[in-house]
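Worksheet: the structure to be examined is printed underneath.
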2 protein chains.
Amino acid sequence: MISNDQRDIDHRIIRSVYETFMPINDELHELIVSKTTYVEIAKGQEFIQQGGPNDQLGLLVDGLMRSVEIIDGDDHTMIFFDAPCFVTEYVGFLRREPSRHSIIALEDCRLYVWSYDDLQKMYSLSKESERVGRLIAECVIADVVNDVRSFRFDTATERYEKLTATFPKLVQRVPQYMIASYLGVTPESLSRIRAKLIKE
Amino acid sequence: MISNDQRDIDHRIIRSVYETFMPINDELHELIVSKTTYVEIAKGQEFIQQGGPNDQLGLLVDGLMRSVEIIDGDDHTMIFFDAPCFVTEYVGFLRREPSRHSIIALEDCRLYVWSYDDLQKMYSLSKESERVGRLIAECVIADVVNDVRSFRFDTATERYEKLTATFPKLVQRVPQYMIASYLGVTPESLSRIRAKLIKE
DNA sequence: AGATATCATTGACCTAAATCAATAATCATC
DNA sequence: GATGATTATTGATTTAGGTCAATGATATCT
């Protein structure tokens, strides 16, 4: 993990990601940038380690990551993060608990990072930042609710089809067993699902 | 649905629920109360209707409700709401879309209600309210993530055991087929799960 | 109390996906 | 390009839960 100084920070990317949630005025933008650190994570390296400290919110600007939870020795892919997006293990981060997942770079990654403490300072200093924090949390809710619905109502085949529809390049970029794990099925099952879909 | 005026509002209950998220000062408390409406919903009646307008956030202070989504004619219980708690179909509410669920009283219910517009006004008027909104959203994330984990990792039997452990009275208060539906299994399966657990 | 819904249980059978095991295909490295 | 490791496929078998159908048990209502 390589950290650099302020000169490496691309203000426009940061602003444009935050602007997907609400208009960001110059004052808030300066506040955000002033707390930003730049980090590079090489392919295969961890950004966050399962069971370790969980005090960083990342904004992935380049690359691909996955969060993984190891339970009883098997590896479960919980989320893929495809730039540009925020990267964190949200629940542990908010509760100040050790991370439940590792977050690992599947390709060389570049991130901007804010510490938990700096984030709280931003919230205290600026009403606008409080709002953007709320809007981001609300979007996370929508994503997670989507996940519940998918596990509740969809078959593995349907989940696979939806994933390839919304994220077609993923299948090229990561090994199939990680996709299987993300879908909640075994690699053998995913292989059969794919065989069946091809036959049709 | 019966709406009454300000005199029916129990300030202490409202404050105590908000205080589970953060300390509420008098100014914010007054703001919240000034926008509050009181509503009673009789057993069997709807608070929110699937496909209908979704512009109310409820605080259930008495009673039990469930949110139900009808898909292809079958009825899926998405959540049980046991007072005191907030009641809404969050995603549609936030996105200003029709409600995905109905929310129905399983017992006679009493709620305090805020309209979407009043909530936005509160957010604009007060930094503190923005923060409490964020903190509530963050708690919702934790709940929903829990749901995903349960559907992903737990068997139906485990989900049933967890539900009865965390909410033992529920089984007395609602028909079993609703519990089955909440757990994501058929009534027949839940009946067998219970039979097996009793035998052990 | 008797009649009628509604709800819960039980049985027989079916299906999606898991498990275990063996190959086959890829990929990385010397 | 050969060698060993990782990843993907295919087959045989098992299991959790679904589906369909019948029977019991509870409520509710006149």
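Order of the sequence lines sets the chain letters (A, B, ...), proteins ahead of strands, with each chain counted from 1. Atoms considered below: every heavy atom in the structure, side chains included; atoms not considered: hydrogens, waters and symmetry mates.
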Distance check: side-chain N/O of [X] vs OP1/OP2 of [N], anything under 4.0 Å?
X: Q176(B); N: dT9(C); answer: yes
X: T155(B); N: dA16(D); answer: no
X: S189(B); N: dG18(D); answer: yes
X: S191(B); N: dA8(C); answer: no

Please report, rounded to the nearest Å, how far the [atom2] atom of [N] is from the [atom1] atom of [X].
X: I198(A); N: dT10(D); atom1: CD1; atom2: C1'; value: 14 Å
X: Q172(A); N: dA8(D); atom1: CD; atom2: C1'; value: 15 Å
X: D75(B); N: dC7(C); atom1: CG; atom2: P; value: 10 Å
X: L190(A); N: dA17(C); atom1: CG; atom2: P; value: 11 Å
X: R194(B); N: dA8(C); atom1: CZ; atom2: P; value: 9 Å
X: I179(A); N: dT7(D); atom1: CD1; atom2: C1'; value: 13 Å
X: D154(B); N: dG17(D); atom1: CG; atom2: C1'; value: 15 Å
X: F151(A); N: dG17(D); atom1: CZ; atom2: C1'; value: 17 Å

For the helix from dA1(C)-dT30(D) to dC30(C)-dG1(D), what angle lies between the axis at the first five pairs and the axis at the last five pairs, to 10 degrees?
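Rounded value for the end-axis angle: 40°.
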Nearest to the side chain of Y177(A), heavy atoms from C-beta on, is which of dA12(C), dT7(D), dC7(C)?
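Nearest to the side chain of Y177(A) among the choices is dT7(D).
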Nearest to the T186(B) side chain among dG11(C), dA8(D), dG18(D), which nucleotide is it?
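So the side chain of T186(B) is nearest to dG18(D).
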Just checking, R134(A) and Y123(B): is the charged tip under 6.0 Å from the six-membered ring centre and within 45° of the axis?
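Yes.
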Is NZ or CZ of R96(B) both nearer than 6.0 Å to the six-membered ring centre of Y116(B) and within 45° of the ring axis?
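Yes, R96(B) and Y116(B) form such a contact.
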Lys/Arg-Asp/Glu bridge criterion (N-O < 4.0 Å) met for [X], [Y]:
X: D154(B); Y: R149(B); answer: no
X: R110(A); Y: E40(A); answer: no
X: R15(B); Y: D26(B); answer: yes

Roughly how far, to the nearest 0.5 Å, is CG of L183(A) from CD of Q176(A)?
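Reported to 0.5 Å precision, the distance equals 10.0 Å.
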Assign each of E188(A) and A156(A) to its nearest nucleotide of DNA chain C by heavy atoms, then name whichever residue's nucleotide is nearer the 5' end.
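Going by which nucleotide is closer to the 5' end, it is A156(A).
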Quick one, R66(B) with D75(B), criterion salt bridge (charged side-chain N to carboxylate O under 4.0 Å, His left out). Give me CA distance, side-chain angles, the key distance, then yes/no.
CA-CA 11 Å; R66(B) 68 167 183 144; D75(B) 172 302; 3.2 Å; yes
